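Notes for the one structure printed next.
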Amino acid sequence: MELKIKEALLSNSEMLFGMQVEEKLIQFQKTRKDVSGDLTLVIFPFVKVLKCSPAEAGEKIGEFIKGNVGNIDSYSVVGGFLNFVIDADYWISALSEMDKIEKYGFGEPNTKPTIMVEYSSPNTNKPLHLGHLRNNFLGYSVAEILKANGHKVIKTQIINDRGIHICKSMLAWEKFSPLNEKGERETPGNTGVKGDKLVGKYYVEFDKHFQIEANAIIEQWNAEDFSETTEEVGAEFNRLDESKTGKDEKAIKGIDGKIKELAKNQTSILREAKEMLIRWEGRDPQTYLLWTTMNNWVYAGFESTYKAMGVDFDKLYYESDTFILGKDLVDEGLAKDVFFRKDDGSVWIDLTEDGLDEKLVLRSDGTAVYMTQDVGTAVDRFKDYPDLQGIIYTVGNEQDYHFSVLFLILNKLGYEWSENCSHLSYGMVELPKGMGRMKSREGTVVDADDLMESIVDSAREMTQERGHLDGISEKEREALFELIGMGGLKYYLLKVDPKKRIVFNPQESIELNGNTGPYIQYAHARIRSLLAKAENNDNTAMGLKNVELQPVEKEILKQLAGFPNALNDAAKNHSPALIANYMFELVKLYNNFFQSIPVLIEEKEELKDMRLVLSRNVAKVIGLGMSLLGINVPKRM
RNA sequence: GGCCCUGUGGCGCAACUGAAUAGCGCACUGGAUUUCGGCUCCAGCGGUUACAAGUUUGAAUCUUGUCAGGGUCACCA
C-alpha cells in the first residue's frame, strides 16, 4: 500500500506539486492509536513545496490519493498528518496472500551476496561462559536473519587454540595433575569431567601457582633480597618502589600492578610455559601430542555445549593454522608505504591522521601479533570464498578499537571489501552488583553449561505445576522443558539492543510473564491447540469478501503485514532485538483478540474461517520469527 | 588524561534513525472466565527523556559543553 501511494505521488508529482519531488520527502509512519486510520503520510515535507498550510496540503494530497489509489476508504488530516483508512478488502486479500506462502516474509534463498558471520571464537584453555552465550546467540541469530533476507551466509568461528595461554594449561596439567592407581594423569575418560572443564581447571591451577610464586618474589624484593634477580630487574623494582612516595592511593595501586607484572616475569613457572611455547612452535613431537590431546578434550566439551546452545558452524578456522598468515601482507604493506619499520625492526602503521594511534603490526623479532593474524585471516577468507562480499565479526565491545584499526588497515591495503566488513559489537554481560566482573582465572564466571542446566531446571518446575502435560511421554517432556528454558534465556539475551550492556539477573531470565520467550511460546501453543480443535483448519482465506473486521483483527493484520519490513530492518541493523520486539507486539495483539473474540463458537462461517486463517498466520509468523532468534516453539506446553 | 559506547517513570526496556499528547513489560492498585488453554486479558498509578545551551516548522533522536556509568589506550589475545 505504501508503495502504491508512493508511486502515485511520484508519477503525478508535476501535476500535484508543480515539480518533481524527491522520494525522500514521502515518509510514512504508523497511525497513532487515538486517531482513526491505518497508514499515515507525513505532510510537513510538502508544505514548503506547495507553499500552503499543512491542512490544505493534506487535503489536496488526500483527495488525490483517494481518487487514484484503490482500497482507500477515507482519509483525514490532523495537523501535519494525513491518515488513510484502508478498506477491509485490502486487509483480507493481504491475509490471503500471506497464507499461501509458507515462509512468509522471507527472501528467495541465496539470491543476495554472500556474507560471513563470525561468532563464538573461544579460547581452548577454558570453558564457555555467560558472555559466550550472548555472543553465540547473537551471531547465530544475525546469520539466520541474513539468510532469511536472501543472503548466502557462512557461519564461522576462529578457534584460539595456540599461544602462551594454552601452554599454561598444558604445563599445569603436566606438573600438577595427580596420578591415579594406574599411574595416569587426569583425563576426561578417567575422571568423567567434561574436557573443557578439565583443561579450564588446570588453567586456574596454573594461575594459582603463578600468583604464589610472584608474591614470594615481591616479598623477597621488599626484604631487599635480590639474590635471585638480575641487576636490571632489581633496579627497575627499586625505581618503581621509590616512585610510590607521595602518590595517592590509586597511583600506588597502578605502580603495584607494574611491580606484580615485573615479578610475574621472573617466575620459573612462566619461564617454563614460554619454553613450552617455543617447543610447540618448533613442532616438538611430545609437546604437539600433548597439545593435540588436550585440545581434543576441549573440542569434545565445546561440541556438547554448542549442541545445548543450538548453534552450528559451516566452517572452522583454527588459529594454529592462521597465525602465520598476514606476514606476507606486512611486506606488501611496507612496499606500498602503508606500514613503516622502526629502528628495532618492528613494523607499525600510523593512523594518527584517522584519529587513532600508531599500531604495531609485526614485533621486532619478526613474529606476528593478533592484528597481523586478523589481517591475514580476513584476506584468506576472501580467497576461500571468491563470492564473499563481507564479514561480520561478533565480538564484544572491548574490542571496538581493535576492529576500527583492522578495517582501516584492510582499507589502506587496498581491499575494497573492507567497507563491507563490520564489527557486531555487543555490550558486556555483567553480574548483579557486588558480584563483580566475570574473570575466568578468578573463578567468578557463570559457566555456560551450568547456567543452561539451571534454566532448564526452573522451566521444568514451573511447567510441571501449570502445564498441560497429560499424554506426553517423559522424553517429550524433557525436550519441552529444554525448549522453554532455552527459549527464555535466548529471548532474554536477544531482546535488548546488542550494543547495550546487560546486567544478568538469573531470576528475570526465567520469568514467564511479560516480554519473555515463554510468553510468546505460550501464544503459539494456544493457537496450535485452537487450530487442532477446529474441524476444518485447512480452509483458505480465498474468496473471503465483505467480511467485517474487528479493530483488533485489523491491528493484527497490520502487524502481520509489517513482518517483511521488520525482517529487513533487523538485517540492516544486525539486530535480533528488532525481531524480538516485533514478536512481542504481535503476541500482545493476538492475546487481546483471543480474549475478546470468539473463533470456534462463531456462528457465521466466513467469520470463523477468517479468524482461523488469521490465527494460523499468526502462529506461522511466531514460528518463523522465533526461529530467527534460534528459539523453537511448542505445540503444547 | 585521549578516544569510543551508554544515560528515557521505582526496576528492565521501546520509539520505524528528525514528527502528533514519549510507548511497553515488571512491580503496585482495582477489575474480567455459564465461551476456544488464566503462563491470559482490561483499567489505574507512575516520566521536565542526566543537565545546560544551540540547529529546526518540529529534538529522546542532530551539534557543543557539563555530569554519571562502562570500555579502551600492550612487541596480550
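Since this is a predicted model, take the numbers as computed values, not measurements. What's counted below: heavy atoms across the whole structure, side chains too, no hydrogens, waters or symmetry copies. Protein chains get the first letters and strands the later ones, always in sequence-line order, with residue 1 at the start of each.
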Heavy atoms from C-beta onward define the side chain here; which of B/C39, B/C73, B/G23 lies closest to that of A/Lys33?
B/G23
Can you work out whether A/Ile502 or A/Leu356 has the more 5'-proximal nearest nucleotide on RNA chain B?
A/Leu356
Rounded to whole angstrom, note down the C1' distance from B/U34 over to B/C26.
33 Å
Measure from the ring centre of A/Phe81 to the centre of the six-membered ring in the base of B/A20, then say whether that distance is under 5.5 Å and the planes meet at under 30°.
yes
Looking across every strand, which nucleic acid part, if any, lies under 4.0 Å from A/Glu319 by heavy atom: base, sugar-phosphate, or nothing?
sugar-phosphate
Counting only Watson-Crick pairs (N1-N3 plus N6-O4 or O6-N4) and G-U wobbles (N1-O2, O6-N3), all under 3.5 Å, who is the partner of B/G65?
B/C51
A/Val369 side-chain proximity, nearest of B/G25, B/A77, B/C36:
B/A77
Considering only atom C1', compute the distance from B/A53 to B/G47 and round it to an integer number of Å.
22 Å
Using a 4.0 Å heavy-atom cut-off across all strands, classify A/Lys558 as base, sugar-phosphate, or nothing.
nothing
Syn-anti status, with the boundary at 90° from 0, for the nucleotide B/U61:
anti
Can you figure out which of B/C36, B/C76, B/C39 approaches the side chain of A/Leu530 most closely?
B/C36
So if I take every side-chain heavy atom of A/Asp357 and compare against B/U40, B/C73, B/U17, which nucleotide ends up nearest?
B/C73
Among B/A20, B/C36, B/G70, which nucleotide has an atom closest to any side-chain atom of A/Thr40?
B/A20
Counting side-chain heavy atoms from CB outward, which of B/A20, B/C39, B/A77 is closest to A/Val78?
B/A20
When we call it a touch if two heavy atoms are under 4.0 Å apart, what does A/Phe584 touch: a base, just sugar-phosphate, or nothing?
sugar-phosphate
For A/Leu578, which contact category applies under a 4.0 Å heavy-atom criterion: base, sugar-phosphate, or nothing?
sugar-phosphate
Is the A/Tyr491 to A/Tyr519 ring centre distance short of 6.0 Å?
no
Could you tell me whether the side chains of A/Thr124 and A/Asp161 share a donor-acceptor contact shorter than 3.5 Å?
no
Span that lies between the P atom of B/G23 and that of B/U49, in whole angstrom:
13 Å
Have a look at A/Ile43 and say if it touches a base, only the backbone sugar-phosphate, or nothing, with a 4.0 Å heavy-atom cut-off.
nothing
Candidates B/A14, B/U35, B/A77 - which lies nearest the side chain of A/Val496
B/A14
Between B/U33 and B/G37, how far apart are the two C1' atoms, rounded to whole Å?
12 Å
For B/C36, the Watson-Crick or wobble counterpart (both distances under 3.5 Å):
none
Establish, from distance only, whether the side-chain atoms of A/Tyr393 and A/Gln399 form a donor-acceptor pair under 3.5 Å.
no
Side chain A/Asn83 and base B/A20 donor-acceptor under 3.5 Å:
yes
When all nucleic acid strands are considered with a 4.0 Å heavy-atom cut-off, which category describes A/Ala577: base, sugar-phosphate, or nothing?
nothing
Could you state the atom-to-atom distance from CG of A/Leu512 to C1' of B/C26 in whole Å?
13 Å
How many whole angstroms separate atom NZ of A/Lys274 from atom P of B/C76?
9 Å
Nucleotide nearest A/Lys499 (side chain, heavy atoms from C-beta), chosen from B/C24, B/G37, B/C5:
B/C5
Strand partner of B/C73, provided both Watson-Crick or wobble distances fall under 3.5 Å:
B/G1
When you check the side-chain N and O atoms of A/Tyr426 and A/Asn135, is any donor under 3.5 Å from an acceptor?
yes
Counting only side-chain heavy atoms from C-beta out, which of B/C39, B/U72, B/A77 sits nearest to A/Asn123?
B/A77
Run the side-chain contact (heavy atoms from CB on, under 4.5 Å) test on A/Arg460 and A/Arg477 for me, step by step, so that the C-alpha distance in whole Å, both residues' side-chain angles and the decisive distance to 0.1 Å come before the verdict.
CA-CA 9 Å; A/Arg460 181 179 299 115; A/Arg477 283 184 197 203; over 6 Å; no
Under 3.5 Å on both distances, the Watson-Crick or G-U partner of B/U17:
none
Do A/Tyr119 and A/Phe137 have ring centroids that are under 6.0 Å from one another?
no
Consider the side chain of A/Asn515, meaning its heavy atoms from C-beta on, and name the nucleotide among B/U72, B/G25, B/U35 that approaches it most closely.
B/G25
Ignoring hydrogens and geometry beyond distance, is the side chain of A/Glu398 in donor-acceptor contact with the base of B/U72 at under 3.5 Å?
no
Judged by nearest nucleotide, the residue sitting upstream toward the 5' end of RNA chain B, A/Gln373 or A/Asn513, is A/Asn513
Would you sort out whether A/Met1 and A/Leu39 count as a side-chain contact (heavy atoms from CB on, under 4.5 Å), showing the intermediate values?
CA-CA 9 Å; A/Met1 184 52 80; A/Leu39 184 64; 4.1 Å; yes
Can you check the distance between B/G25 and B/U66, where both ends of the measurement are the C1' atom (answer in whole Å)?
33 Å
Is there a Watson-Crick or G-U wobble partner for B/C41 with both distances under 3.5 Å, and which nucleotide is it?
B/G31
What is the separation between atom CD1 on A/Ile597 and atom P on B/U33, rounded to the nearest whole Å?
18 Å
Could you give the distance separating B/G9 and B/A52 at their P atoms, to the nearest angstrom?
15 Å
Taking only the C1' atom of each, what is the distance from B/G10 to B/G71 in whole angstrom?
28 Å
Would you call the rings of A/Phe81 and A/Phe44 parallel, tilted or perpendicular if under 30° counts as parallel and over 60° as perpendicular?
perpendicular
Does B/C24 pair with anything, Watson-Crick or G-U wobble, both distances under 3.5 Å, and if so, with which nucleotide?
B/G12
Kindly state whether the ring of A/Tyr590 and the ring of A/Phe593 have centres lying under 6.0 angstrom apart.
yes
Rounded distance in Å between the P positions of B/C11 and B/A27
16 Å
To the nearest Å, how far apart are A/Phe210 CZ and B/C76 P?
14 Å
At 4.0 Å (heavy atoms only), tell me whether A/Arg501 reaches a base, stays on the sugar-phosphate, or touches nothing.
sugar-phosphate
How would you label the contact of A/Asp497 with the nucleic acid (heavy atoms, under 4.0 Å): base, sugar-phosphate, or nothing?
sugar-phosphate
